[in-house]
S.K.: 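Submitted below is the structure of interest, expressed as structure tokens.
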Amino acid sequence: MNLLDQINRENVPGHIAIIMDGNGRWAKKQGQERLYGHSIGVESVRETLTAAKNIGVKYLTLYAFSTENWNRPKAEIDGLMNLLVRTISNEVDELNSSGVRLHSIGDRDGLPQECREELASAMQRTSHNDSIHLILALNYSARWEITRAARLIAEAAQQGELDPAAIDDELISSRMSTADFPDPELLIRTSGEYRLSNFLLWQIAYTELHFTSVLWPDFKEEDLYKAVLDYQSRERRFGMVSEQL
Ligand code: FPP
């Protein structure tokens with residue numbers, strides 16, 4: 001039986017988040033520049049999005065550019081931003097016609113103007129879709145987001161709009177950039193690294209983690225199905241005992 005047929009459609013994670021890692025190493029293995037790895041990585045994004053949509057995933061969050069990525073050589077940063085702008089511009093028609101709604105999380109104000117504009121226009125264009133939500137984490141880090149939420153909450157308390165005693169999980173979630181999305185059930189990281197790299201730290205409290213040694217440009221449909229099957233083999237207890245489930 002192929003992998004797709006083994007997936008229980010009643011228990012597909014509604015939200016999958018992915019740390020797409022290994023583009024640079026993949027390119028080096030091919031004797032190519034790092035940017036070539038990123039551009040082939042876009043193929044993996046396309047294939048993963050299609051496969052996720054087909055099995056009924058409703059939210060797919062991709063870590064495309066972290067706040068720490070600004071420390072990379074300027075040529076790589078410029079190349080990545082260009083790739084993002086070109087990809088969004090080239091793909092928006094197809095995303096729209098296949099019912100994908102595009103969102104972004106992260107500090108949009110810190111992105112180059114062209115990138116901000118392309119993103120805003122694609123988000124607007126696709127805003128009526130709901131087959132699957134594609135959430136690009138751009139200029140994102142979890143600590144940036146948590147710090148910002150703390151500031152927003154403190155400001156509201158200072159203005160007398162909020163009683164500090166009323167601050168709970170739900171209120172904090174509502175001040176995160178992911179406020180409109182459910183928490184991920186499954187987080188995947190490629191390239192054999194076992195780190196969370198400042199990604200969705202608040203939202204992954206109960207998320208199942210799947211690590212694979214596959215480098216992102218090699219990540220294909222089957223690799224997504226393997227991750228989902230791994231997820232389906234786990235028992236999610238949320239702090240309870242098996243008998244309570
Ligand atoms: C990590 O590999 C990858 C990135 C920092 C960028 C990922 C971006 C893309 C795949 C393009 C995304 C495009 C869209 C439209 C979402 P790395 O460079 O850290 O690889 P390494 O660890 O081997 O050096």
Side-chain angles (χ1 to χ4, degrees), residues 16-53 57 59-96 98 100-108 110-112 114-123 125-126 132-142 144 187-200 211-220 223-224:
I16 300 181
I18 307 183
I19 302 175
M20 310 179 288
D21 196 14
N23 294 349
R25 276 163 285 164
W26 183 90
K28 197 170 172 194
K29 283 211 292 188
Q30 321 278 319
Q32 299 272 1
E33 297 291 319
R34 297 176 55 82
L35 268 174
Y36 180 65
H38 297 314
S39 67
I40 301 300
V42 173
E43 299 297 324
S44 300
V45 169
R46 195 179 290 117
E47 182 154 341
T48 303
L49 174 65
T50 308
K53 180 170 169 279
V57 173
Y59 298 85
L60 180 68
T61 299
L62 303 177
Y63 207 1
F65 196 89
S66 76
T67 51
E68 286 84 13
N69 286 149
W70 295 112
N71 297 322
R72 295 193 173 197
K74 187 175 181 309
E76 183 174 348
I77 297 172
D78 292 348
L80 258 173
M81 289 297 154
N82 264 328
L83 180 65
L84 276 162
V85 171
R86 263 189 292 123
T87 305
I88 297 170
S89 154
N90 290 340
E91 304 284 334
V92 67
D93 284 342
E94 198 179 328
L95 291 174
N96 196 32
S98 45
V100 179
R101 179 165 179 184
L102 186 72
H103 306 261
S104 79
I105 54 171
D107 187 2
R108 278 197 289 272
L111 293 170
E114 206 190 1
C115 187
R116 274 197 322 261
E117 288 175 1
E118 199 61 55
L119 200 58
S121 138
M123 290 194 299
R125 247 325 269 291
T126 60
I132 185 167
H133 297 261
L134 173 62
I135 303 151
L136 298 183
L138 288 169
N139 197 18
Y140 173 88
S141 81
W144 163 81
L187 172 90
I188 301 170
R189 182 174 188 142
T190 60
S191 92
E193 307 287 350
Y194 297 87
R195 279 191 299 278
L196 296 171
S197 301
N198 216 345
F199 190 44
L200 301 177
F211 296 97
T212 169
S213 58
V214 172
L215 303 175
W216 180 250
D218 285 332
F219 192 89
K220 300 291 161 222
D223 299 295
L224 183 78

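In listed order, ligands and their atoms are each counted from 1. What you see is a predicted model, and the numbers here were worked out from it, not measured in a lab.
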S.K.: Tell me every residue that passes salt bridge (charged side-chain N to carboxylate O under 4.0 Å, His left out) with Glu118, counting only those two or more places apart in sequence or in another chain.
M.R.: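 For Glu118, no residue satisfies salt bridge (charged side-chain N to carboxylate O under 4.0 Å, His left out) once neighbours in sequence are set aside.
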S.K.: So, applying side chain to side chain contact (heavy atoms under 4.5 Å, CB included) with Ile16, which one of Leu187, Leu62, Val57, Thr61 is it?
M.R.: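 Single pass found, and it is Val57.
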S.K.: When you measure from atom 8 (C) of ligand 1 to every protein heavy atom, which one gives the shortest distance, and what is it?
M.R.: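 For this ligand atom, the closest protein heavy atom is Ala64 O, 3.8 Å.
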S.K.: Around atom CD of Glu68, are there more than 12 heavy atoms from other residues, nucleotides or ligands closer than 6.0 Å?
M.R.: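 More than 12 within 6.0 Å, yes.
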S.K.: Tell me, which protein residue and heavy-atom name are nearest atom 5 (C) of ligand 1, and how many Å apart are they?
M.R.: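 Ranked first by proximity to atom 5 (C) of ligand 1 is Asn69 OD1, 3.8 Å.
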S.K.: Give me the nearest non-hydrogen protein atom to atom 4 (C) of ligand 1 as residue plus atom name, then the distance to 0.1 Å.
M.R.: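 Ranking protein heavy atoms by distance from atom 4 (C) of ligand 1, first comes His38 CE1, 3.8 Å.
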S.K.: Has ligand 1 got any nitrogen or oxygen that is less than 3.5 angstrom from a nitrogen or oxygen of Arg34?
M.R.: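 Among all N and O atoms of Arg34, at least one is under 3.5 Å from an N or O of ligand 1.
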S.K.: Among all the protein's non-hydrogen atoms, which is closest to atom 1 (C) of ligand 1, and how far away is it?
M.R.: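 Ranking protein heavy atoms by distance from atom 1 (C) of ligand 1, first comes Met20 O, 3.1 Å.
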S.K.: What residue and atom, counting heavy atoms only, is the protein's closest point to atom 14 (C) of ligand 1, and at what distance?
M.R.: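 Going by distance alone, atom 14 (C) of ligand 1 is nearest to Leu84 CD2, 3.9 Å.
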S.K.: Please state whether the rings of His133 and Tyr59 are parallel, tilted or perpendicular, taking 30° and 60° as the class boundaries.
M.R.: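 Aromatic pair His133/Tyr59 classed parallel.
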S.K.: If you measure every N/O of Leu136 against every N/O of ligand 1, is any gap under 3.5 Å?
M.R.: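 N/O-N/O distance below 3.5 Å does not exist for this pair.
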S.K.: Consider every N or O of Tyr63 and every N or O of ligand 1, then say whether any pair is closer than 3.5 Å.
M.R.: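 Tyr63 vs ligand 1: no N/O contact under 3.5 Å.
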S.K.: May I ask you to decide if the ring planes of Phe219 and Trp216 are parallel, tilted or perpendicular, using 30° and 60° as cut-offs?
M.R.: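 Ring orientation of Phe219 relative to Trp216: parallel.
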S.K.: Give the C-alpha distance, both sets of side-chain angles, the deciding distance and a yes or no for side-chain contact (heavy atoms from CB on, under 4.5 Å) between Leu134 and Arg101.
M.R.: CA-CA 6 Å; Leu134 173 62; Arg101 179 165 179 184; over 6 Å; no
S.K.: Measuring from the heavy atoms of Arg72, does anything fall under 4.0 Å of ligand 1?
M.R.: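 In this structure, Arg72 qualifies as a contact of ligand 1 - some heavy atom is under 4.0 Å.
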S.K.: For atom 11 (C) of ligand 1, which protein heavy atom lies nearest, and how many Å away is it?
M.R.: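 For atom 11 (C) of ligand 1, the nearest protein heavy atom comes out as Val42 CG2, 4.0 Å.
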S.K.: Please confirm whether Gly22 approaches ligand 1 to less than 4.0 Å, judged on its heavy atoms.
M.R.: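 In this structure, Gly22 qualifies as a contact of ligand 1 - some heavy atom is under 4.0 Å.
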S.K.: The criterion is salt bridge (charged side-chain N to carboxylate O under 4.0 Å, His left out); which residues satisfy it with Arg25, sequence neighbours excluded?
M.R.: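 Scan of Arg25 (salt bridge (charged side-chain N to carboxylate O under 4.0 Å, His left out), adjacent residues dropped) gives Asp21, Glu193.
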S.K.: Look only at interatomic distance and state if Trp26 has a nitrogen or oxygen under 3.5 Å from any nitrogen or oxygen of ligand 1.
M.R.: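 In fact, backbone or side chain, Trp26 has no N or O that close.
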S.K.: Any idea how Tyr63 and Phe199 line up, ring-wise: parallel (<30°), tilted (30 to 60°), or perpendicular (>60°)?
M.R.: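 If you compare the ring of Tyr63 with that of Phe199, the planes turn out parallel.
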S.K.: Looking only at protein heavy atoms, which one is nearest to atom 15 (C) of ligand 1, and how far off is it?
M.R.: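 That would be Thr87 CG2, 3.6 Å.
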S.K.: When you measure from atom 7 (C) of ligand 1 to every protein heavy atom, which one gives the shortest distance, and what is it?
M.R.: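 Nearest protein contact, heavy atoms only, for atom 7 (C) of ligand 1 is Asn23 ND2, 3.6 Å.
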S.K.: Do you know which two heavy atoms are closest between Ile77 and Arg72, and how far apart they sit?
M.R.: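 Nearest pair, atom of Ile77 first, then Arg72: CD1-O, 3.2 Å.
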S.K.: Once you round to the nearest 0.5 Å, how far does CG of Leu102 lie from CG of Leu119?
M.R.: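 Nearest 0.5 Å value for the CG-CG distance: 6.0 Å.
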S.K.: Could you list which atoms of ligand 1 come closer than 4.0 Å to a heavy atom of Arg25?
M.R.: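 Every atom of ligand 1 under 4.0 Å from some heavy atom of Arg25: 21 (P), 22 (O), 23 (O).
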